[in-house]
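What you are looking at is a predicted structure, and each value in this text was computed from that prediction instead of being measured. Lettering of chains follows the sequences in order, A, B, ..., and the numbering in each one begins at 1.
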4 protein chains.
Amino acid sequence: MTSTSETSARPLRRDAARNRELLLAAARDVFARRGLEATLDDVAREAGVGVGTAYRHFANKHELASAVLDEVFATMSAHADAALADEDAWRGLVGFLESAMDLQSVNRGLREVLMSSTDPRNLQQLQDRLMEPFVALVERAQAAGEVRADVTMADFALLTVMLCAVADLTEGTAPTVWRRFLALLLPGLRPGGPSLPSDGLTAAQLTAATFTRCQRMSGGGPA
Amino acid sequence: MTSTSETSARPLRRDAARNRELLLAAARDVFARRGLEATLDDVAREAGVGVGTAYRHFANKHELASAVLDEVFATMSAHADAALADEDAWRGLVGFLESAMDLQSVNRGLREVLMSSTDPRNLQQLQDRLMEPFVALVERAQAAGEVRADVTMADFALLTVMLCAVADLTEGTAPTVWRRFLALLLPGLRPGGPSLPSDGLTAAQLTAATFTRCQRMSGGGPA
Amino acid sequence: MTSTSETSARPLRRDAARNRELLLAAARDVFARRGLEATLDDVAREAGVGVGTAYRHFANKHELASAVLDEVFATMSAHADAALADEDAWRGLVGFLESAMDLQSVNRGLREVLMSSTDPRNLQQLQDRLMEPFVALVERAQAAGEVRADVTMADFALLTVMLCAVADLTEGTAPTVWRRFLALLLPGLRPGGPSLPSDGLTAAQLTAATFTRCQRMSGGGPA
Amino acid sequence: MTSTSETSARPLRRDAARNRELLLAAARDVFARRGLEATLDDVAREAGVGVGTAYRHFANKHELASAVLDEVFATMSAHADAALADEDAWRGLVGFLESAMDLQSVNRGLREVLMSSTDPRNLQQLQDRLMEPFVALVERAQAAGEVRADVTMADFALLTVMLCAVADLTEGTAPTVWRRFLALLLPGLRPGGPSLPSDGLTAAQLTAATFTRCQRMSGGGPA
DNA sequence: TATGAATGAGAGTTCATTCAT
DNA sequence: AATGAATGAACTCTCATTCAT
């Protein structure tokens with residue numbers, strides 16, 4: 001479930017996979033607690049290995065962070081899929097948002113990517129795996145008349161970004177207040193409300209927005 | 001109008017106060033455009049003075065940023081005061097939120113403090129000057145039956161934080177979408193809605209929340 | 001004479017020019033003795049300043065090395081100009097080659113650039129300043145019937161490269177043997193010898209050759 | 001023919017000698033193409049074995065390079081021997097030089113050792129196997145009156161070093177120009193020319209020269 | 001008082017070599 | 001005997017802050 005990307009035809013490594021796991025675990029922890037600006041040395045130390053080891057497993061800090069975040073995105077995608085299985089379109093959508101926020105509210109690094117849109121690669125994940133079921137959830141809810149027609153998928157995406165901001169600020173003191181704001185936001189998305197100003201973002205605009213900002217991590221980006 | 005907080009009994013010096021203004025102007029611009037991670041060298045260069053001069057006027061980068069942000073907070077306070085002059089409690093409150101967001105949506109550094117709650121000092125500003133009329137606005141609106149009773153001033157504060165997150169992401173591509181989400185959020189704060197989960201933050205909690213996170217700027221905080 | 005590039009309209013820096021000189025002196029020494037792979041930390045230490053200081057004056061190691069080598073190229077150009085003043089075309093040419101080798105034979109870093117053709121920028125120097133009088137020297141000697149017609153300027157350039165190889169090997173033990181090989185090479189370049197195999201390089205080919213190899217220094221080149 | 005120097009009384013082991021061959025083959029290729037700064041990991045990967053295996057067979061990167069270069073030196077020795085079989089002393093000598101350069105012109109690593117005189121060990125090879133017939137070739141040519149008397153074997157050695165410099169620079173663009181310079185150099189070595197400045201190196205000096213420079217490879221020499 | 005040069009700790013990354021499996 | 005993961009010192013470059021001029 002938590003196992004990592006066995007990307008290519010690599011047969012599997014021996015017990016050195018243990019270190020990879022140690023590193024991923026450390027990265028999960030460190031990046032979640034201290035954000036993505038945490039040092040690779042810190043991660044390595046937390047994992048109990050040398051920095052060089054980190055670089056054996058991951059090309060650079062960015063790759064390690066991506067690996068860790070990919071896992072979360074995968075989990076979120078799974079949740080989105082599961083939400084589609086709910087026969088109640090609205091409940092499915094809301095349930096997904098909550099499950100996504102459950103993850104985001106305890107993961108500072110995750111919030112940072114979502115809020116800062118660091119780089120293409122993560123976005124790829126977001127789009128390829130998550131975007132699809134996410135869009136499906138929204139459109140299904142709209143088709144079912146549970147969500148107003150003039151709302152876009154990007155509205156829901158930005159909704160979680162907003163809740164991230166709340167979670168960011170309140171993680172240490174009131175880690176569940178985001179639920180309050182979710183509750184505040186949802187009614188406005190149901191049909192029947194007053195018309196909304198400032199058109200919602202198209203998917204393309206959302207992508208553009210997330211692409212626009214600081215793509216650098218480790219020197220100058222994916223390199 | 002443009003003169004800055006000569007907090008204590010310092011009489012004011014010669015035309016070297018001009019440098020202070022130059023620095024503040026540069027800092028306003030640079031921090032607004034590039035965020036607080038901009039270099040003090042950059043600010044000094046933009047101001048046309050040496051870095052040393054910056055350090056003569058401000059203890060460290062943090063202090064300069066604070067000075068600049070204090071101005072904005074002062075402006076926001078003024079807007080809050082003005083909003084209290086509106087006889088319509090709800091319109092006043094909403095008008096204030098919009099004016100605050102007008103400032104925040106074009107000021108990346110400002111958004112960063114608000115979203116990250118860098119340090120005590122800024123908060124002081126927030127509380128001492130802004131908080132009071134802000135609270136008054138909210139309470140007046142509640143007294144007038146325009147805002148539901150179980151909503152706190154912190155809810156409105158976090159509301160702007162959330163919109164900051166939106167503005168952050170869309171500044172380059174759709175700089176006014178935050179209005180859409182403001183419109184989405186406001187109805188829920190009016191009386192008559194369903195009860196809200198997860199108690200709103202008290203003022204103390206809000207303060208605490210903003211205190212909790214990354215106090216470091218320049219090494220490890222105010223030093 | 002040894003003063004450095006006052007490139008632009010910079011009025012002149014105060015006594016911090018002293019450190020620049022210290023750095024250049026140290027770089028001259030260190031690069032000449034140990035070659036270009038010497039550490040910037042080493043240069044800084046030798047100069048008695050911190051690394052940061054080095055980076056204040058020079059964007060990167062490459063720039064510092066270039067600055068030092070530019071000086072030498074300038075000196076070589078001056079020698080070439082002086083050689084053109086000699087009314088004896090052949091003596092002028094040979095004198096220039098000897099003076100160039102006098103510099104190269106005691107400067108390992110210089111030899112490395114000449115032999116390895118590190119990067120465009122140095123080449124620019126070589127071409128813009130040195131190439132012109134060098135070509136003039138050669139062509140004048142050819143016009144005077146002192147150099148065979150089928151010899152190109154590149155032949156003389158490569159001739160010094162070859163002597164660099166000798167100097168490289170014998171610097172510590174027999175620092176003047178290169179003169180022996182110069183004496184060995186020169187007769188062949190005079191008119192009347194047997195035809196030479198393998199066409200001489202054109203100027204373009206020479207440039208191409210020097211461009212071809214390892215352009216990286218400090219990560220990935222001039223960046 | 002392809003088997004390698006089993007120096008001492010080691011009987012020879014099983015088919016794990018195959019790995020040695022794989023490594024040598026890979027090293028031949030990699031060092032020839034990319035020079036001696038190529039990574040041992042690269043060599044191992046090219047060989048299809050682990051780095052550890054490389055370290056089982058060779059004490060360090062240096063040893064592997066030496067082994068590979070020993071082969072080339074052996075080949076060169078063979079060519080020298082063959083050249084001695086030519087009844088024409090001059091033709092034999094020149095033929096040898098050409099055959100040596102044929103090897104050197106396509107082998108960057110080889111040129112690097114010859115030009116940089118990395119360490120004792122290689123030199124041993126050079127002296128023990130190559131030096132002897134080389135000296136014989138030269139002396140025979142001198143005895144035959146084909147080479148001027150004041151020329152030493154070291155002159156011919158340095159001659160090839162010089163051509164290496166040319167080859168180094170022109171490998172990618174004009175891989176045969178070295179022949180031009182060989183042709184340029186040879187006439188000067190025949191009897192009857194003007195006396196040469198700067199005494200030629202003695203064999204001892206040549207050895208000393210090659211010993212003098214950068215003995216470090218892998219930290220600080222053979223370790 | 002203003003300047004801007006100097007500092008140096010720290011970040012990301014590489015690679016020869018060692019050693020557990 | 002073979003593997004290839006682990007190590008960690010070394011290198012280049014950045015930037016907040018100090019201090020000599």
Could I get a table of every N or O pair under 3.5 Å where one atom is in the protein and the other is in nucleotides 7-9 of chain F?
| from | atom 1 | to | atom 2 | distance (Å) |
| --- | --- | --- | --- | --- |
| F:dT7 | OP2 | A:Gly50 | N | 2.5 |
| F:dT7 | OP2 | A:Thr53 | OG1 | 2.5 |

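Each of E:dT17, F:dA5, F:dT12 was ranked by its minimum atom distance to the side chain of C:Asp41; first place goes to F:dT12. Ranking E:dA16, F:dT17, F:dC13 by closeness to the D:Thr39 side chain, first place goes to E:dA16.
Stem analysis of DNA chain F (at least three stacked-register Watson-Crick or G-U pairs, each with both distances under 3.5 Å) gives E:2-21 with F:2-21.
If you measure from atom CD of D:Glu46 to atom P of F:dG4, you get 16 Å, rounded to the nearest angstrom. Rounding to whole angstrom units, CG of residue A:Asp42 and C1' of E:dT13 are separated by 16 Å. Distance A:Phe58 CZ to F:dA5 C1': 13 Å, rounded to the nearest Å. Rounded to an integer number of Å, the gap from CZ of B:Arg20 to P of E:dT1 is 14 Å. When rounded to the nearest whole Å, the span between NZ of D:Lys61 and P of E:dC15 equals 9 Å. D:Asn60 has its CG atom 14 Å from the C1' atom of E:dC15, to the nearest Å. Taking atom CZ of residue C:Arg45 and atom C1' of nucleotide E:dG8, one finds them 13 Å apart after rounding to whole Å. Taking atom NE2 on A:His62 and atom C1' on E:dT13, their separation rounds to 15 Å, with Å as the unit.
Residue pairs meeting the side-chain hydrogen bond (donor to acceptor under 3.5 Å, both in side chains) criterion with at least one partner in residues 47-57 of chain D, sequence neighbours excluded, are absent. For residues 44-54 of chain C, the pairs satisfying salt bridge (Lys or Arg N to Asp or Glu O under 4.0 Å) are C:Arg33-C:Glu46, C:Asp42-C:Arg45, with sequence neighbours left out.
DNA chain E is contacted by both C:Leu23 and A:Leu40; C:Leu23 maps to the nucleotide lying nearer its 5′ end (nearest heavy atom per residue).
Of all heavy-atom pairs spanning D:Ala27 and D:Val68, the tightest one is CB-CG2, 3.4 Å.
The side chain to side chain contact (heavy atoms under 4.5 Å, CB included) test applied to A:Phe58 returns A:Arg20, A:Leu23, A:Leu24, A:Glu63, A:Leu64, A:Ala67, not counting sequence neighbours. Legend: residues meeting side chain to side chain contact (heavy atoms under 4.5 Å, CB included) with D:Ala38, ordered by chain and number and at least two apart, are D:Val30, D:Phe31, D:Arg34.
Here the straight-line distance linking atom CD of B:Glu112 with atom CG of B:Asn107 works out to 9.0 Å at 0.5 Å rounding. Atom CG of B:Leu36 and atom CZ of B:Arg111 lie 10.5 Å apart (nearest 0.5 Å).
Between D:Tyr55 and the phosphate of E:dT17, there is a side-chain N or O to OP1/OP2 separation shorter than 4.0 Å.
At a threshold of 4.0 Å, the pair B:Arg108-B:Glu37 counts as salt-bridged, since one of the basic side-chain nitrogens sits closer than that to a carboxylate oxygen.
Side-chain contact check for B:Leu114 versus B:Leu110: some heavy-atom pair is nearer than 4.5 Å.
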